[in-house]
2 protein chains.
Amino acid sequence: MVRGARKPRLADVAARAGVSRTTASYILNGRSDEMRISAEAVARVRAAVVDLGYRPNRTARSLRTAQTRTVGLISDNVASGHFASRMLTGASAAAREADHFLLIGETDGDPLVERLLAEQMLDQGVDGIVYATLRHREVVVPPSLLQARVVLLNCVDPASGLPAVVPDEHGGGRAAADLAARAAGPVVVVGDEREQGTHAGTMRLAGLEERLDELGRAVDDVVRCDWTVPAARSALACWWSGGGPAGSLVCMNDRVAMGAYQALDGLDASIPADVAVVSFDGSELASWLTPTLTTVGLPFADLGEAAVRTLLDPDARGSGTQRLAMPVVHGGSVPTVARVTP
Amino acid sequence: MVRGARKPRLADVAARAGVSRTTASYILNGRSDEMRISAEAVARVRAAVVDLGYRPNRTARSLRTAQTRTVGLISDNVASGHFASRMLTGASAAAREADHFLLIGETDGDPLVERLLAEQMLDQGVDGIVYATLRHREVVVPPSLLQARVVLLNCVDPASGLPAVVPDEHGGGRAAADLAARAAGPVVVVGDEREQGTHAGTMRLAGLEERLDELGRAVDDVVRCDWTVPAARSALACWWSGGGPAGSLVCMNDRVAMGAYQALDGLDASIPADVAVVSFDGSELASWLTPTLTTVGLPFADLGEAAVRTLLDPDARGSGTQRLAMPVVHGGSVPTVARVTP
DNA sequence: TTGGCCTGCTGACTCGATTCAGCAACGCAC
DNA sequence: GTGCGTTGCTGAATCGAGTCAGCAGGCCAA
């Protein structure tokens, strides 16, 4: 590129190659065969592009084609969520793969901000919008969104029938059952399955019960508490005040499991010999505990990726709800081999 | 807006108001006084905008003005970092405040991807680029970036002299000193201050030593280990095998502190009565420990906000490096009142 | 009457691409 | 030599705004 000169335009390329703008445009858009451009012209244009360091102006192209090659992601709190922010990683990677960029905006749950953000993204001309939530739950998307293509991420909107990508909580519950069943003794769920702000709990519990039943086992008790460290700690401490802990604990998330570890700490019971612990999330926290926690992971990066893929896939219009498998992250909190069940 | 009609353009507004496109444009851009447009014309145009539901086409405007009202954020791993992802929250909030959108891209540290991403963002016509890193460290920004306005976030590039926004690690170290000095006995630093991938450690240590010196105290020992839970746990367990723990621990981050808690667990020493623990990060983890951890926080959201503000502030060209204060997050791991120093 | 100034507006060009419709030049069949 | 088809290209319109230069028309002073 010539020093000091302004950025070259398509017209400059065309002039240098001795062809019209039209011809140059066809060549750069891969339509040279269709338009029967001679090989010589193609070569001259390509050379000119290199010589001038030409890069097409995306804005001008967008004006003409009404496509901006950007996708928006509107969320309540995803970037703030410690672990859920990987949805952004996945989404942005998938966008880049499709030569798009990801535009992000957070609403903090404020419906007004949500509406504003949606409108501004539409003004900006995004090619589609991913509507994401920190917790897996049901939502009602703002009507203004519906002018664009929308894919839901980590949430569903039953009324709208919009395509959605969510973790397979039910399958995750089944996986947890298999892990919990490795230990003998009662299976105890820790954490209120109706935790507000999500319905992951009910689905996990349903899967857990289904699979335990198949194994000839059952959920023997549920210790209801918020999904936080201190709530789980005190709930369990209180619950065990009767007899000593035994069997296996299925914790609704890794923080609850951490609370369980703390509650076990004072007692004379070791993990996993006396008590097995399984949980959900697959966050880094699981690897910080001793012994490391066996946890059924939320595939956040994959969720983000799948959502953007679905959004940009022209064939995926009414593709319903995709449930992505929750992979087990193996730790040391369950016995490595299943005990033989009587 | 009329049903089924295509989106109204400025020309439609002008026609309905009985003025020229030029006049309508001046009015909508707040230049009606300067251009001496009559109050009646202004009113008619505003009414037409409402009637038609007119929203300006940002792409067309961008083409003309060469401003896209978007800013890019290129990072190595910020969205994946559990806690650092709040930089995105702050950055996106600041962008929105200035009527801009945030475009994100992650490189995973790959210089090739970095270059590509930078070029694509420039093609996209971003009004500026924030270059961010997960860890606070020195970087060399890719030369292709320098075509745009750039602000560094959580890193510095001494050679380029680019404006940067970073946490005030030195000041944070001083704050930690005040907290550690509340307990009598030796002050022990936990975590290698030369942790690879960041130079936060050396700055924290320098601030710590400076302030301790002012208080007539000193760093009595440094237990060098990686900034991870298991490394800190085993390093401390080993270190204490001589005598019992006492004094105060200054942990290089919250995970190290968690390791310290675990190491203390078997021993007969309580926090903060026997050992005070201070750390750096201010992550949620601090609130999950028992007792809750007193930690000098990284103001990630503020950092992100300040970076975008600086980027968009026309007066802030060579504004040097902004060091944002690290706020103390008070927990229960240090004595509440300072002991009288002899 | 003429010239100059103010008020209130507009015509036409511009940003940088995409794309439809059409046009010369040539060969070939009749 | 006329008509037709193919090859290889191009002119000009278009997307939807922003903006410079200028133009009527009225008023006032000389």
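Note on naming: letters A, B, ... go to the chains in the order of the sequence lines (proteins, then strands), and numbering restarts at 1 for each one.
Residue pairs that meet the side chain to side chain donor-acceptor pair (under 3.5 Å) test with at least one member in residues 30-41 of chain B, sequence neighbours left out, are B:Arg31-B:Glu34. Residue pairs meeting the ring pair (Phe, Tyr, Trp, His ring centres under 6.0 Å) criterion with at least one partner in residues 126-156 of chain B, sequence neighbours excluded, are B:His136-B:His199.
The span of DNA chain D lying next to chain B, judged by atoms under 4.0 Å from heavy atoms, is bounded 5' to 3' by D:dG16 to D:dC20.
Going from atom CG of A:Leu52 over to atom C1' of C:dG16 covers 15 Å, rounded to whole Å. Remark: C1' of C:dG16 and CG of B:Asn57 are 14 Å apart, rounded to the nearest angstrom.
For the segment residues 118-126 of chain A, no residue has any heavy atom less than 4.0 angstrom from an atom of DNA chain C. Contacts between residues 61-71 of chain A and DNA chain D, defined by a heavy-atom separation under 4.0 Å, are made by A:Leu63, A:Arg64.
Of the inter-residue distances, the one linking A:Met87 atom CE with A:Ser75 atom OG reads 7.5 Å to the nearest 0.5 angstrom.
With sequence neighbours left out, A:Ser80 forms a side chain to side chain donor-acceptor pair (under 3.5 Å) with B:Thr89. Not counting sequence neighbours, the partners of A:Thr70 by the side chain to side chain donor-acceptor pair (under 3.5 Å) test are A:Thr68. Applying the side chain to side chain donor-acceptor pair (under 3.5 Å) criterion to A:Glu97, with sequence neighbours excluded, gives A:Arg309. Qualifying ring pair (Phe, Tyr, Trp, His ring centres under 6.0 Å) partners for A:His100, counting only residues two or more places apart in sequence or in other chains: none. A search for side chain to side chain donor-acceptor pair (under 3.5 Å) contacts involving A:Asp76 returns A:Arg137, not counting sequence neighbours.
No side-chain heavy atom of B:Val141 sits less than 4.5 Å from a side-chain heavy atom of B:Glu114.
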Could you walk me through whether A:Asp123 and B:Arg55 satisfy the salt bridge (Lys or Arg N to Asp or Glu O under 4.0 Å) test, starting with their C-alpha distance in whole Å, then the side-chain angles of each, then the deciding distance to 0.1 Å, before giving a yes or no? CA-CA 7 Å; A:Asp123 289 352; B:Arg55 316 224 79 206; 2.8 Å; yes
Check against salt bridge (Lys or Arg N to Asp or Glu O under 4.0 Å), A:Asp127 and A:Arg69: CA-CA 6 Å; A:Asp127 296 341; A:Arg69 305 201 80 81; 6.0 Å; no
For nucleotides 5-11 of chain C, 5' to 3', base contacts (B), sugar-phosphate-only contacts (S) and non-contacts (-) with protein non-hydrogen atoms under 4.0 Å give --BBBBB
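In this structure, a donor-acceptor pair under 3.5 Å is present between the side chains of A:Ser20 and A:Thr23. Using a 3.5 Å distance cut-off with no hydrogens or angles, the side chains of B:Gln322 and B:Thr310 do pair a donor with an acceptor.
Relative to the axis of its first five pairs, the axis of the last five pairs of the helix from C:dT1-D:dA30 to C:dC30-D:dG1 sits at 80°, rounded to 10 degrees.
Between A:Ile74 and the choices A:Ile129, A:Val126, A:Leu103, the side chain to side chain contact (heavy atoms under 4.5 Å, CB included) rule is met once, by A:Ile129.
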